[in-house]
**Q** 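I'd like to ask you about the structure that follows.
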Amino acid sequence: MYRNKGCGEINEGDIGKEVALCGWVYRYRDHGGLIFTDLRDRTGIAQIVYSLEISEKVHALAHSLRAEFVIAIKGNVCRRPEGTENLDVKTGIVEVYASELKILNTSEPLPFMLENDAIVSDTLRFKYRYLDLRRPFMMNNLLLRHQTTKTIRDYLDALGFLEIETPMLTKSTPEGARDYLVPSRLNPGSFYALPQSPQLFKQILMCAGVDKYFQIVKCFRDEDLRADRQPEFTQVDMEMSFVGVDDVITVVEGILKTVYEGVLNVKVETPFERLTYKDAMERFGTDKPDMRFGLELKDMADIVAQSSFKVFLDVLKNGGRVKAICGKDMAALSRKDMDNLTEHAQSLGAKGLAWIKVKDGFESPIKKFFTDELLRQMAERLGAVQGDTMLFVADKEAVVHDVLGRLRLDIAKTNGIIGADDRFLWVVDFPLFEWNAADDRFEAMHHPFTSPTDEGIDLIQANKALADKDIATLTSKAYDIVLNGYEIGGGSIRIHQTTLQKKMLELLGISETDAEEKFGFLLDALKYGAPPHGGVALGLDRLVMLMAGSETIRDVIAFPKTQKASCLLSNAPSQVQDSQLKELHIKLR
RNA sequence: GGGGUGGUAGUUCAGUUUGGUUAGAACGCCGGCCUGUCACGCCGGAGGUCGCGGGUUCGAGCCCCGUCCACCCCGCCA
């Protein structure tokens, strides 16, 4: 027997007992006649004492211990002498007097220190991930992720969901992200694609009568990486039959509430707040607003229309928008600061950034175009008080929202006004289509199987040719779940009738042959009694990242990839032998 | 594809503005001392392809050109 307790599990109840512990030497403090080591395993840290009075032999051996040696000890648990307790450590009331010590393995000096707060470059962390993961906060992230998936599995199981696996070697889909391709040896010139999501298969499971499906599953998208995006990531994928939007939302709210309360012990109020896509864009300039602070975008058109500022007036005349946000405490910024901020806004696509400081009256290069009354009205609408700066963007609506939405985030971060509590939000009523100017056609905003709202269905099935502007106003039964400004999930009610699905594909400009080729198997399945169904997928990595209070999903993925999508631990991707390529009928260019 | 930040000892960084003797610090590492430490302490020591390649120069960590890697962002991510 190596051990009968975890290092972090010994406590006052063990005093007087002999325990056997195993683990890594986290730190050693050699006082000559008395040696202490902090012994670490997954459960925590225990202080081991090696004393000449217990065993000269053990004491001598302990002298040779170094960081990250793997050892097994036996010894008596004792209360620490009064005044030497360490209340920062869970086991800090007690210590173990080693009567036996076995060195199970030695360790070379480490490439970096394992302290929680040690700053280590990502390059080293990824190359020596097994060392990085030994750090308590990383081990905690693994634990947190496990507890989260376990809680979700249990919760969905209790609701009658079946966990079903879908293929990893599947078919390339025409829309969406770039696919990872896998060559088929048995079918020269043909390729599988790794799934971007199990979308079609889960809908087909509904056609099979599975009723409630879920899967915690890897998905793959060959796109550029970000702090919150990896090429392979994990979805909690779900699909349900005979449900509407509210049914799906209720399940997700139940999951998140249970996870937060069960894993983090944080109380969560349901139902979550909901915003329509339109309101989210109007008020926050984004479809994934961070609700932990205000600084909302305000429409200024009616006020600035009364001014003589030609820039604003021209924008309004051309159908553009003039909106503003309140830059808290930004009146103290210098002219140069404001120039930098303007440059920043321009880099985001704005033509410029107009500002009016509230500072013993108003101060601005454009002040002369506004009467005092108009300035007062604008400050009032924005809630701008002494010390604040009003920031204006005038442009096409999309630019105004994008620029102000980002500035809003920047300002909140700089001023530290982001609330401490996590804020869940549903964004609903997404547009059904999105205009793709580059390809000169409409695209599905969510995906081509998303159901329009009921009014939309009526319109589409009225069998009249729809004008582009009508198509653009159609909304869908799609929903996103947003947490602290991150999209942590999304889904929709699907189309379950062949006729409507065909209409949709038509509107998307996907030919019948193409549709048949790409996802004919779904269209077929809809013919044979497909039930109404809908679902959702949660981004597990992002959810756990936010639960862990981390800034990047790499911290909650055991073996993440770099920004160039390589694995520094295994050195993937790598070249392969010519013979392998030959078997796969592939010739490199 | 584009913009930005960084790369100097095992690690984290300073040194680059203004080119000039032997490239520093802290932590870690090695040796010694130490019986109540917990980031133990004290004494001593070792440790460098300044990412890589080229150029300018009497002389390059520092200037110029190229390139690689990591990170952040834009595009992209239904």
Side-chain angles (χ1 to χ4, degrees), chain A residues 26-39 45-54 59 63 66-68 78 80-89 91-92 95 97 107-128 131 173-179 196-197 199-200 219-231 233 343-344 347-349 402 406 409-410 430-434 436 438 442-450 476 478 480 487 490-492 504 508 510 537 539 551-552 554 560-566 568:
Chain A
Y26 193 45
R27 268 191 283 267
Y28 55 99
R29 295 176 289 280
D30 187 342
H31 290 233
L34 193 66
I35 300 169
F36 301 94
T37 60
D38 291 337
L39 189 62
I45 288 168
Q47 173 161 286
I48 316 299
V49 189
Y50 310 86
S51 164
L52 283 167
E53 284 144 32
I54 303 289
H59 175 269
H63 189 65
R66 293 293 180 272
E68 298 304 300
C78 299
R80 293 193 189 185
E82 205 175 329
T84 67
E85 303 90 348
N86 182 354
L87 299 180
D88 296 336
V89 180
T91 60
E95 59 193 359
Y97 278 82
S107 170
E108 289 183 16
L110 302 174
F112 57 88
M113 285 182 277
L114 300 190
E115 267 78 18
N116 258 343
D117 52 2
I119 301 163
V120 188
S121 73
D122 292 297
T123 317
L124 278 175
R125 291 181 62 189
F126 295 160
K127 181 169 179 194
Y128 300 99
L131 298 180
T173 46
E175 304 216 0
R178 205 173 286 117
D179 284 317
Q196 296 178 26
S197 90
Q199 184 59 39
L200 299 181
C219 300
F220 305 86
R221 292 175 192 178
D222 187 7
E223 297 293 347
D224 285 358
L225 290 83
R226 291 283 189 280
D228 64 347
R229 272 164 36 187
Q230 286 268 305
F233 61 99
E343 237 171 76
H344 180 55
S347 76
L348 298 174
D402 190 42
R406 288 174 200 269
L409 281 177
D410 293 342
F430 275 82
L432 188 59
F433 297 106
E434 195 172 26
N436 182 331
F442 281 105
E443 280 183 347
M445 186 145 187
H446 188 55
H447 58 53
F449 319 109
T450 300
S476 69
D480 275 358
E487 181 197 327
S492 64
M504 276 292 291
L508 287 166
I510 299 172
E551 299 268 306
T552 164
R554 296 187 191 99
K561 301 229 174 352
T562 69
Q563 192 150 45
K564 282 194 73 186
S566 62
L568 297 182

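Per chain, numbering begins at 1; letters A, B, ... match sequence-line order.
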**Q** May I ask you to say what A/Asn86 touches in the nucleic acid, namely base, sugar-phosphate or nothing, with a heavy-atom cut-off under 4.0 Å?
**A**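 If one applies the 4.0 Å heavy-atom cut-off, A/Asn86 turns out to touch a base.
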
**Q** Can you see if the side chain of A/Ser121 gets near the phosphate of B/C13 - specifically, an N or O under 4.0 Å from OP1 or OP2?
**A**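 It does not, given that no N or O in the side chain of A/Ser121 lies less than 4.0 Å from OP1 or OP2 of B/C13.
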
**Q** Rounded to the Å, how far apart are A/Glu223 CD and B/C77 C1'?
**A**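 Going from CD in A/Glu223 over to C1' in B/C77 covers 5 Å.
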
**Q** Side-chain N or O of A/Arg29 less than 4.0 angstrom from OP1 or OP2 on B/C40?
**A**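 So the side-chain polar atoms of A/Arg29 do come within 4.0 Å of the phosphate oxygens OP1 or OP2 of B/C40, strictly under.
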
**Q** Write down the partner of B/G75 under the Watson-Crick or G-U wobble criteria, each distance required to be under 3.5 Å.
**A**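 Looking at the geometry, B/G75 pairs with no nucleotide.
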
**Q** Below 3.5 Å is the cut-off: list the nitrogen or oxygen pairs between protein and nucleotides 1-7 of chain B, distance only.
**A**
from : atom 1 : to       : atom 2 : distance (Å)
B/G1 : O6     : A/Asp224 : OD2    : 3.3

**Q** Over all strands shown, is A/Pro111 touching base, sugar-phosphate only, or nothing at heavy-atom distances under 4.0 angstrom?
**A**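 The answer is sugar-phosphate, as A/Pro111 gets under 4.0 Å only of primed atoms, P, OP1 or OP2.
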
**Q** For A/Tyr97 and B/U37, what is the distance between atoms OH and P respectively, to the nearest whole Å?
**A**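 Going from A/Tyr97 (OH) to B/U37 (P), I get 12 Å.
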
**Q** Write down the distance between CD (A/Glu115) and C1' (B/A26), rounded to a whole number of angstrom.
**A**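 Those two atoms, CD and C1', are 14 Å apart.
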
**Q** To the nearest Å, give me how far apart CZ (A/Arg406) and C1' (B/G75) are.
**A**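 My rounded result for the distance is 10 Å.
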
**Q** Without decimals, in angstroms, what is the distance between A/Leu124 CG and B/C13 P?
**A**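 It is 11 Å, rounded to the nearest whole Å.
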
**Q** Distance check needed: B/C73 C1' versus A/Glu551 CD, whole Å only.
**A**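 A/Glu551 atom CD is separated from B/C73 atom C1' by 14 Å.
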
**Q** Using OP1 and OP2 only, check whether a side-chain N or O of A/Thr84 sits under 4.0 Å from B/U37.
**A**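 Negative; the distance criterion is not met.
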
**Q** Could you write nucleotides 28-35 of chain B as a row of B, S and -, 5' to 3', where a protein heavy atom under 4.0 Å of any base atom gives B, of only sugar-phosphate atoms gives S, and otherwise -?
**A** SSSS--BB

**Q** Is it true that A/Asp410 and A/Arg406 make a salt bridge, defined as a side-chain N closer than 4.0 Å to a carboxylate O?
**A**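 Not counted as a salt bridge, because no side-chain N and carboxylate O are separated by less than 4.0 Å.
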
**Q** Look at all strands and tell whether A/Arg554 reaches a base, only sugar-phosphate, or nothing, counting heavy atoms closer than 4.0 Å.
**A**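 The residue A/Arg554 makes sugar-phosphate contact but no base contact.
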
**Q** Can you check the A/Phe36 CZ to B/G41 P distance for me, whole Å?
**A**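 From A/Phe36 CZ to B/G41 P: 14 Å.
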
**Q** List the atom of A/Asp38, the atom of A/Ile45, and the distance in Å for their closest heavy-atom pair.
**A**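 Looking at all heavy atoms of both residues, the shortest contact is CB-CG2, 3.8 Å.
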
**Q** Please state whether the phosphate of B/C72, meaning OP1 or OP2, lies under 4.0 angstrom from any side-chain nitrogen or oxygen of A/Gln563.
**A**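 Yes.
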
**Q** Any base atoms under 4.0 Å from A/Glu487, or only sugar-phosphate, or nothing? Heavy atoms, all strands.
**A**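 Nothing, no nucleic acid heavy atom in range.
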
**Q** Using both distances under 3.5 Å as the test, list the Watson-Crick or G-U wobble partner of B/C27, or none.
**A**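 Across any shown strand, B/C27 pairs with B/G10.
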
**Q** Does OP1 or OP2 of B/A70 have a side-chain N or O of A/Lys564 closer than 4.0 Å?
**A**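 It does not, given that no N or O in the side chain of A/Lys564 lies less than 4.0 Å from OP1 or OP2 of B/A70.
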
**Q** Could you check whether A/Arg229 pairs with A/Asp224 (Lys NZ or Arg NE/NH1/NH2 to Asp/Glu carboxylate O, under 4.0 Å)?
**A**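 Salt bridge: no.
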
**Q** Mind checking if A/Ser566 touches a base, just sugar-phosphate, or nothing, with heavy atoms under 4.0 Å?
**A**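 Here A/Ser566 touches the backbone only, sparing every base.
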
**Q** Base, sugar-phosphate alone, or nothing: which one does A/Glu95 contact when heavy atoms must sit under 4.0 Å apart?
**A**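 Result for A/Glu95 = base.
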
**Q** Distance check needed: B/C72 P versus A/Asp410 CG, whole Å only.
**A**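 Answer to the nearest Å: 17 Å.
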
